[in-house]
Each structure stands twice: as C-alpha cells, then as structure tokens.
Amino acid sequence: MASDEGASAGKALEDRITKPESTPSGNANTDGASQALGGGDLQDTEQDVQVKLSDLQADPDNPLFSIKSFEDLGLSQEILQGLYALKFIKPSKIQERALPLLMNNPPTNMIGQSQSGTGKTAAFTLNILNRLELDTEEKRRTPQALILAPSRELARQIGGVVTEMGRFMEGVSVGMAVPKEGARPSRIDHNVVCGTPGTVMDLVKRRILITNKLKVLVLDEADNMLDQQGLGDQCIRVKALLPKTIQVVLFSATFDDSIRLYAAKFAPNANEISLKQEELTVEGIKQFYLDCTDDEDKYRVLVKLYGVMTTSSSIIFVQTRQTASEIEKRMTTEGHTVASLTGGVEGSVRDKIIDDFREGRAKVLITTNVLARGIDVSTVSMVINYDVPQHYSPRGPPSGDPQTYLHRIGRTGRFGRVGVAISFVSNKDEWQMLMGIQKYFNTIIDLMPTSDWDETEKILKKVIKNPRARSDFK
Ligand SMILES: Nc1ncnc2c1ncn2[C@@H]1O[C@H](COP(=O)(O)OP(=O)(O)OP(=O)(O)O)[C@@H](O)[C@H]1O
C-alpha cells in the first residue's frame with residue numbers, strides 16, 4: 001500500500017493548542033497554498049478573508065452559517081484540537097446539519113448536498129474520526145472507513161484532510177488506494193483508506209484490503225461516482241463486497257434528478273440534505289463569458305488574459321487532452337509558465353504537477369474534467385472554461401453540462417473567498433450551451449468586454465480584490 005502517501009497521524013498532543021479567536025490571522029484551509037503564497041496581487045489577504053468569513057458565518061442565508069459551535073456537536077477533545085489547529089472556528093451549514101445525523105447511533109445512511117467549497121469533506125471526515133475504534137493495536141491496523149473519490153488527486157487531498165484533522169488522535173492512519181507504480185504490500189494496515197474505485201476493487205479482490213470491519217463507506221462526488229458507466233459499475237461492485245450494515249454516506253454539490261433515485265437505492269433509508277437548483281451557485285464567484293470569433297481567437301484572448309492576471313493561481317478547463325497539450329505547448333513556447341494535468345499523464349507525474357500547483361510553484365494549471373471536482377486550492381482566483389463543458393450526443397449537437405460547469409467554477413471562491421469564472425464562447429453551439437447553463441441555475445453570466453483590456457483588468461481586479469464582492473454582485 002502506498003503508505004508514503006497516507007501519513008500516520010496519531011502524534012502525541014504536542015503543544016497545548018487552544019481554540020482560535022473568532023477573527024484569527026491564520027488560514028482556515030488545509031490545502032497549504034495560501035501559506036506558501038501569502039496572497040498575490042489579485043488575492044484577498046488572509047485578514048480580509050477572515051473578517052469576511054465571520055460576517056458570512058453570521059448571515060443565516062449563507063451556506064457557511066451555523067448556530068452551533070463545533071463544541072456543541074459532541075466531538076471529542078482530540079478532534080476539536082485538530083479543528084482548532086486548522087483554524088476552523090465555526091461549522092458551516094452542511095457541517096452543522098449533517099454531523100448530528102451522521103454521528104447518531106445506530107448509524108444511518110446519508111445523502112448530503114451543499115454548494116462547492118462549503119466544507120463537505122470535513123463533514124464526512126469528522127464522522128469517520130468519531131467512529132474509529134483505536135484502542136488496540138489490532139484495531140488500529142484494521143480498515144474501518146473507506147472513502148472513494150473519482151480522481152487520484154481528490155483521493156490524495158481527502159487523505160491529507162483526514163490525516164490533518166485526526167492528528168491529535170492516537171493511532172489514526174490513512175492509506176491510499178490509487179494506481180501506483182511498483183509493488184504493493186500484502187495487506188493494508190491503515191484504519192482509514194482513501195482511493196479510486198478501480199484500484200479499491202482490485203485490492204479487495206486480491207484480499208490486500210480486508211473489508212469485514214469497515215463501518216463507513218463515503219462516496220465523495222457521489223453523483224459522478226454513480227453516474228459514469230465505469231465508476232458507477234465499480235462502486236456497486238465494491239459495495240457488494242462490504243458488510244451489509246455499513247453506513248453509506250454520499251456527498252456532492254450536485255444531485256441531478258436522474259441520479260437522485262439511484263443514489264437512494266445505493267444508500268437506502270438515508271437522511272437527505274438537499275438544495276434547490278437555483279441555490280447551487282456560489283455567490284462569491286462572479287461569472288463572465290467572453291466572445292471569441294473562432295478557436296484561434298480563443299487562444300489570443302487567453303494569452304491576453306494572462307497578461308492581465310499575473311499573480312494569482314488559475315485553472316484553465318478544456319474538453320480534450322489534445323487541446324490541453326496544444327495550449328500547454330504554445331503557451332510554454334511563448335514564455336508562459338504553465339502546467340498541464342490530464343488523465344493521460346502517469347500517476348507520479350500527476351502528483352508532482354498538482355503538488356506544484358498547490359504550493360504555488362506553478363500558477364496556471366491546464367486540465368480536463370478530471371480535475372473539475374473537489375480540488376481545493378484556496379489561492380485559485382480565476383477559472384477559465386476554455387471550452388464550455390458539454391455532454392456529447394451521438395445524434396445532433398452537444399448539449400451543455402450544467403453539473404460539470406458548476407464543479408469547474410467551484411474550484412475558485414472556496415469557503416467564502418471570491419473568484420471569477422470566465423467561459424469562452426466561439427460559436428453558436430457554445431453560446432447556446434452556456435445560455436442553457438445560465439438558465440438551469442437561474443444565475444447571471446455577464447459579458448466581459450474585451451475591446452479595452454485596461455477596462456477588463458479593472459473589472460477583474462475589482463471582483464477579486466473586493467472582499468464584499470458577494471453583496472455587490474448578487
Ligand atoms: N468550518 C470551517 N471553517 C473554516 N474553513 C473550513 C471549514 N470547513 C471547511 N473549511 C475549508 O473550506 C474549504 C472547502 O472545503 P471542502 O473542500 O470540504 O469543500 P466541498 O464542500 O467538499 O467542496 P466541493 O463541492 O468543491 O468538493 C477547505 O479549504 C476547508 O479547509
């Protein structure tokens with residue numbers, strides 16, 4: 001097992017850690033990117049972010065609002081220490097609502113929905129930590145919780161969160177079940193396992209991952225996991241090999257009607273927390289579109305935009321690996337520093353690329369839908385849909401893919417931060433798809449002027465610099 005990726009936690013309580021003040025100067029993120037960068041030109045300072053966060057968490061209409069404190073939720077002292085160390089002050093709405101239901105006994109399944117960047121990971125992680133039995137060496141070496149995610153990067157990220165949150169508990173250890181070069185050990189002896197469905201299935205079949213003591217199964221990005229032909233099939237096959245009494249927890253920002261019925265079969269008798277379609281967009285993300293004359297113009301506009309957005313981190317989403325590699329080559333030849341991560345890249349190289357991006361060594365990431373979901377890098381202040389996300393149709397023109405659009409743009413504006421999402425439109429099909437997406441979420445996607453780039457720069461800076469962007473741009 002790739003124990004190099006999963007870190008053993010359970011460190012002894014080092015210094016005495018106290019609860020953070022309600023407006024700390026630290027970073028309430030586990031991704032580490034903000035600390036490395038310290039905020040760029042077009043970035044909120046951490047001070048701004050924290051002041052704003054306490055305002056948002058006091059607004060009952062905001063997804064980050066809660067009445068209760070983490071102490072009220074019945075978490076152990078060691079778990080609270082983990083949260084304090086991460087500078088989590090108050091739960092978000094999904095955490096406050098989901099945790100009592102998740103932690104209740106006898107365990108009940110859950111289907112939980114909340115906007116992107118509102119802390120779903122902590123919700124399911126805290127339940128897992130709360131349920132772990134770590135009082136004997138044997139129990140510590142036995143898998144008790146399994147978390148499945150659609151990409152290697154997301155599985156690794158979640159593994160990191162579990163490790164960080166559980167670091168004051170004696171004996172928490174996280175193993176990764178993602179594709180790996182080289183030999184695997186004969187047995188996974190971690191109590192929490194995070195992985196992608198194909199690898200997990202393989203490890204279960206080879207009896208490297210022993211499942212009979214598993215108590216919790218989490219599917220993050222559950223609609224995607226159950227929907228896609230390949231992943232859905234694998235998730236069902238994995239679940240069939242797990243104890244019948246396992247608590248099944250499904251989380252996502254999106255559960256389309258078509259998948260909801262299916263999710264209810266996968267997690268029977270679940271408690272459900274759901275949102276209406278028009279509640280799904282995140283207020284802090286200002287959405288624009290840009291008119292381009294053709295594909296070549298898209299590229300010209302992209303390069304122009306990068307002349308304007310020099311310092312903060314951004315992600316460019318494209319539809320195909322081929323486009324990703326073309327843009328990467330062209331931009332690199334022209335002297336831009338960009339990285340590209342697609343499914344075609346080998347695992348260890350992918351790890352390096354995403355780690356470089358997280359830590360601010362690479363500021364521009366070109367990728368496909370492989371990274372559309374879950375990736376949490378707080379310094380990302382701009383997302384570009386170089387291609388409008390679409391469902392291919394064997395007959396007729398492609399149709400827009402609102403769920404993927406929402407997840408892509410949700411890579412910015414995390415937990416009360418602000419960001420911009422810009423979609424490039426170069427033909428009638430793309431225009432229609434984008435307008436369909438706008439209608440689906442009942443949101444506003446404004447035209448970004450490009451006749452005067454000084455003006456474009458001003459608009460972008462105003463959005464990203466303004467800590468009150470959500471009320472201005474509602
Ligand atoms: N209570 C909290 N206080 C402060 N920060 C928090 C809190 N809960 C979560 N966060 C931070 O918010 C960010 C977003 O959380 P997370 O990645 O879990 O979002 P998500 O809801 O899973 O989003 P997505 O739908 O995009 O996967 C993370 O950086 C996390 O550390």
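These figures come from a predicted structure and were not determined experimentally. Numbering starts at 1 and runs along the sequence shown. Indexing begins at 1, ligand by ligand and atom by atom, following the structure's order. The figures here come from the full heavy-atom set of this structure, side chains too, leaving out hydrogens, waters and symmetry mates.
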Heavy atom of Gly117, distance to ligand 1 below 4.0 Å: yes
Phe251 heavy atom under 4.0 Å from ligand 1: no
Polar proximity ligand 1 side, Phe415 side, N/O cut 3.5 Å exclusive: no
Contacts of Glu328 that satisfy salt bridge (charged side-chain N to carboxylate O under 4.0 Å, His left out) - sequence neighbours left out: none
Atoms of ligand 1 close to Thr121 [distance to a heavy atom under 4.0 angstrom, numbered from 1]: 16 (P), 17 (O), 18 (O), 22 (O)
Atom indices of ligand 1 within 4.0 angstrom of Gln115 heavy atoms, with elements: 21 (O)
Heteroatom distance test (His407, ligand 1): nitrogen or oxygen, under 3.5 angstrom: no
Sub-4.0 Å heavy-atom approach of Gln57 to ligand 1: no
Min N/O separation Ser114 to ligand 1 under 3.5 Å: no
Which residues share a ring-ring contact (aromatic ring centres under 6.0 Å, His included) with Tyr289, sequence neighbours left out: Trp431
Backbone or side-chain N or O of Ser116 under 3.5 Å from ligand 1 N or O: no
Sub-4.0 Å heavy-atom approach of Arg373 to ligand 1: no
Ionic contact status for Lys352 with Asp356, cut-off 4.0 Å: yes
Contact with ligand 1 for Arg411, non-hydrogen, under 4.0 angstrom: yes
